[in-house]
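So the structure is just underneath, and the comments pick up after that.
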Amino acid sequence: MKTLVKLTALACLAMGANASAGTLEDVQKQGYLNCGVSTGLAGFSQKDEKGEWSGLDVDVCRGIAAAVFGDATKVKYKGLTAKERFTALQSGEVDVLSRNTTWTNTRDVSLGLNFAGVVYYDGTGFMVNKKLGVKTATELDGANACIQAGTSTELAISDYFRENKMSYKAVTFDTADQTRAGFESGRCDFLTSDQSQLYSLRIGLSDPSAAIVLPEVISKEPLGPVVRQGDDQWFNIVKWVVNASIEGEAQGVTSANVDEMKEKGKPANKRLLGVEGELGKNMGLSADWAYNIIKQVGNYSESFERNVGMDSPLKISRGLNAQWNKGGILYSPAMR
Amino acid sequence: MFQKKTTEQIKAATRPSAQKKAGAFYNNPQIRAIFYQTLLVVGLLYFFYAIVNNTLTNMEASGIKSGFGFLSTAAGYDILMSLISFESTDTYLRVFIVGFLNTILVSAIGIFFATILGFIFGVAYFSKNWLIRTISTAYVEIFRNIPLLLQVFFWYFAVLAALPGPRDSLSFGEAIFLNVRGLFTPKLVGSDGSTLVYIALGIAVVGIFVLRSWAKKRQELTGQQFPLLWGSLGLVIGLPLLVALFTDLPFTVDYPALKGFSFKGGITIIPELMALSLALSVYGGAFIAEAVRAGIQSVPKGQSEAARSIGLKENKIMSLVVVPQAMRVIVPLLNSEYQSLVKNSTLAAAIGYPDLFNVFVGTALNQTGQAIETIFMTIIVYFILNMMISFLMNRFNNNVELTGR
């Protein structure tokens with residue numbers, strides 16, 4: 001599978017079949033969106049027993065489909081490991097990558113990719129077995145770490161231990177499930193990853209209460225959707241799908257009241273929902289693009305609470321991911 | 001003088017038609033051949049040039065960085081196990097070397113044990129004992145028919161992960177410890193004078209070869225046999241031991257001890273290496289056992305009957321008559337088994353053993369995003385590695401091949 005993805009990438013680059021421009025037309029022509037997600041991470045992208053995908057990252061895919069087709073279900077999901085994800089996007093195998101991916105300079109600048117915003121502000125954290133009796137990360141000198149290969153965590157953890165003049169052994173696995181299995185077997189003393197992932201991996205343990213997440217957050221990990229460089233129209237669409245959901249929450253537009261707001265709302269509501277102005281048309285979308293997103297997927301708050309927040313098994317509080325005027329740093333540029 | 005004349009005459013007689021049929025030059029088959037071959041070579045060269053050029057242009061157009069400059073930048077991540085020193089401030093080139101050495105290590109271990117297992121079970125197939133024969137058949141059928149990845153997972157997640165944690169390790173005489181973090185054994189650390197012991201070991205190894213050729217010569221001359229195995233063992237163990245005793249044992253033993261989270265000191269064999277080596281050896285061994293069986297079956301029955309009639313013992317018949325002839329069939333098969341074993345070692349990624357594929361195509365590719373360069377370098381490595389195996393095995397094959405007289 002991995003090799004296949006990579007070989008496809010090489011082949012595409014070699015043959016010049018690189019679909020960089022006109023992604024919107026391509027997507028419209030094929031009738032669905034190819035969205036790259038994780039191979040299974042509770043709260044962000046996971047498949048249920050009926051084969052339906054859900055999660056915060058999945059909601060970005062659904063939002064794009066709602067904006068482009070007016071139908072949030074027109075998505076084909078592709079589960080990718082951390083190692084496969086960029087190649088899959090570069091080669092055109094997926095149209096957008098929404099797979100808890102950290103926005104870093106190297107990825108943005110030298111991989112031929114563009115990050116279209118942030119849907120979750122995260123940071124690297126630690127999960128340890130309660131039995132170990134460790135209270136803070138500074139007690140982890142000489143410990144073994146379970147890490148997923150090909151992630152920015154690998155770099156963050158190395159920096160942290162070097163900074164604090166501590167040593168550790170990095171045991172790297174291919175997928176999140178293997179990493180968790182390694183941790184569960186006792187191969188490592190702690191599992192390190194983005195904090196959100198730690199919570200989601202923890203509920204997958206056979207005894208979640210046996211593990212605790214340490215308070216330290218040692219790096220900035222802003223997670224967001226990624227598109228190929230060189231197609232500004234598509235880049236704009238994905239960027240503003242993310243913003244529409246955040247702006248929806250800021251304006252108090254929810255999936256429940258969106259019809260009412262569309263008719264009786266303030267001018268800003270009407271502009272967002274396409275009654276006034278030409279926001280949709282300028283992007284090459286229909287006027288009701290944002291209406292469809294909020295109606296079918298919900299605003300940011302609904303999506304957050306449903307997938308990772310209080311209405312989910314993860315019970316993550318909003319923290320940094322609250323609106324800017326509510327103690328967080330979510331701030332959509334002006335929708336006008 | 002006379003000879004030279006004849007060769008010239010022969011040449012003249014067999015020379016292509018050029019002089020005889022003085023047709024148009026394009027009808028000359030030699031010129032035609034050269035023309036078409038040149039055309040093919042130019043065509044191929046252009047084809048590859050076009051691919052490379054197109055790739056580079058496309059990469060530049062889509063903003064993907066290219067080139068091998070990344071090799072000299074710091075990697076910034078750590079590797080679980082390395083045969084040479086490695087820190088996260090070292091370069092990607094060093095990552096490449098670390099991965100390469102780890103691949104060589106696990107492949108060598110795998111090839112070594114797979115060969116031993118293969119020969120044992122391959123020969124056991126012909127045992128007169130029902131139990132041994134059945135065990136041999138069962139081994140081959142079970143391990144040959146289960147996907148290798150599953151076997152890797154089995155050894156890693158089912159067998160080795162079931163071991164106790166470091167604080168309740170299984171200990172053997174308080175010196176060797178086995179737990180979920182791996183196998184911890186004491187290490188001999190040489191002090192002053194240990195060099196002499198190493199030199200003695202070197203001399204002993206050379207001595208074995210001398211002993212072998214001496215014994216062979218003696219047997220050819222007098223028919224007397226020399227117990228070569230015991231002689232060699234005695235030499236390789238006895239000589240260094242003797243030197244060590246005379247130099248007051250210039251070694252200290254570094255025992256592993258539980259410190260903090262895990263064992264420190266001694267030698268650590270990580271479970272990833274154990275699981276992968278086990279899986280590769282057992283899986284490869286099953287295939288080699290079949291190769292050995294095929295080889296033995298290819299030796300006509302008359303050969304062992306003849307050996308029996310001159311009074312050779314059963315085990316001598318196997319080792320002196322049957323197996324040497326069977327090698328002609330076995331060696332070419334071994335060649336491809338060894339090559340697949342090396343390639344199969346890339347399954348390391350599944351359990352986190354830091355082989356070349358895992359640390360380079362896995363992590364380095366992802367951190368730098370330079371897929372083409374990293375994959376290209378890795379392909380070359382596996383290609384050369386397998387070419388080398390092929391070369392060595394072909395040399396070996398020439399030795400055992402039936403020489404036409």
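FYI, side chains are in, hydrogens and waters are out, and symmetry mates aren't considered; it's all heavy atoms of this structure. This one's a predicted model, so the numbers in the text were calculated from it and none came from an experiment.
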Atom CZ of B:F172 with >12 non-hydrogen neighbours under 6.0 angstrom: yes
A:C146 versus chain B, the contacting section by heavy-atom distance below 4.5 Å: neither
Over 12 non-hydrogen atoms of neighbours within 6.0 angstrom of OH in B:Y255: no
Contacting region of B:T368 [heavy-atom separation from chain A under 4.5 Å]: backbone
Max heavy-atom pair count under 4.5 Å with chain B, selected residue of A:A143, A:A82, A:G182: A:A143
Proximal to chain A - members of residues 147-163 of chain B, heavy-atom separation under 4.5 Å: B:F153, B:Y156, B:F157, B:A161
Winner by heavy-atom pair count (cut-off under 4.5 Å) against chain B, out of A:K169, A:E184, A:Q178: A:Q178
Check: A:T151 main-chain N/O paired with B:Q367 side-chain donor or acceptor under 3.5 Å: yes
Contact winner vs chain B - A:I147, A:L132, A:T175, heavy-atom pairs under 4.5 Å: A:L132
Exceeds 12 heavy-atom contacts within 6.0 angstrom, atom NZ of B:K264: yes
Chain B contact via A:V109 - which portion, at a heavy-atom distance below 4.5 Å: backbone
More than 12 heavy atoms from other groups under 6.0 Å of CZ on B:F376: no
Flag side-chain contact, heavy atom, 4.5 Å: B:V180 against A:S185: yes
Pairwise distance CG(B:N366) to CD(A:E84) - rounded to 0.5 angstrom: 9.5 Å
Under 3.5 Å: donor-acceptor pair, side chain of B:R181, backbone of A:G186: yes
Heavy-atom neighbours of B:E87 CD exceed 12 at 6.0 Å: no
Non-hydrogen atoms of B:T363 and A:A149 that approach each other most closely: OG1-CB, 4.0 Å
Residue part contacting chain B, namely of A:L140, when any heavy atom lies under 4.5 Å: both
Heavy-atom closest pair, residues B:G362 and A:K83: CA-CE, 3.4 Å
Per-residue contact mode, A:Y168 against chain B (heavy atom under 4.5 angstrom): side chain
Choice from B:F261, B:Y353, B:Y77 maximising heavy atom contacts with chain A below 4.5 Å: B:F261
Residues of residues 212-227 of chain A near chain B, each having a heavy atom less than 4.5 Å away: none
Engaged part of B:A75 at the chain A interface, taking heavy atoms whose separation is under 4.5 Å: backbone
Pair B:I79-A:T172, side chain to side chain contact (heavy atoms under 4.5 Å, CB included): steps then yes or no: CA-CA 8 Å; B:I79 297 176; A:T172 52; over 6 Å; no
Electrostatic pair B:E272-A:R187, nearest N-O below 4.0 angstrom: yes
Reported CG-to-OG distance for the pair A:D159 and B:S88, which is rounded to 0.5 angstrom: 7.0 Å
Max heavy-atom pair count under 4.5 Å with chain A, selected residue of B:A350, B:A61, B:G165: B:A350
Pairs of heavy atoms under 4.5 Å with chain B: top-ranked of A:A181, A:S158, A:C188, A:A156: A:S158
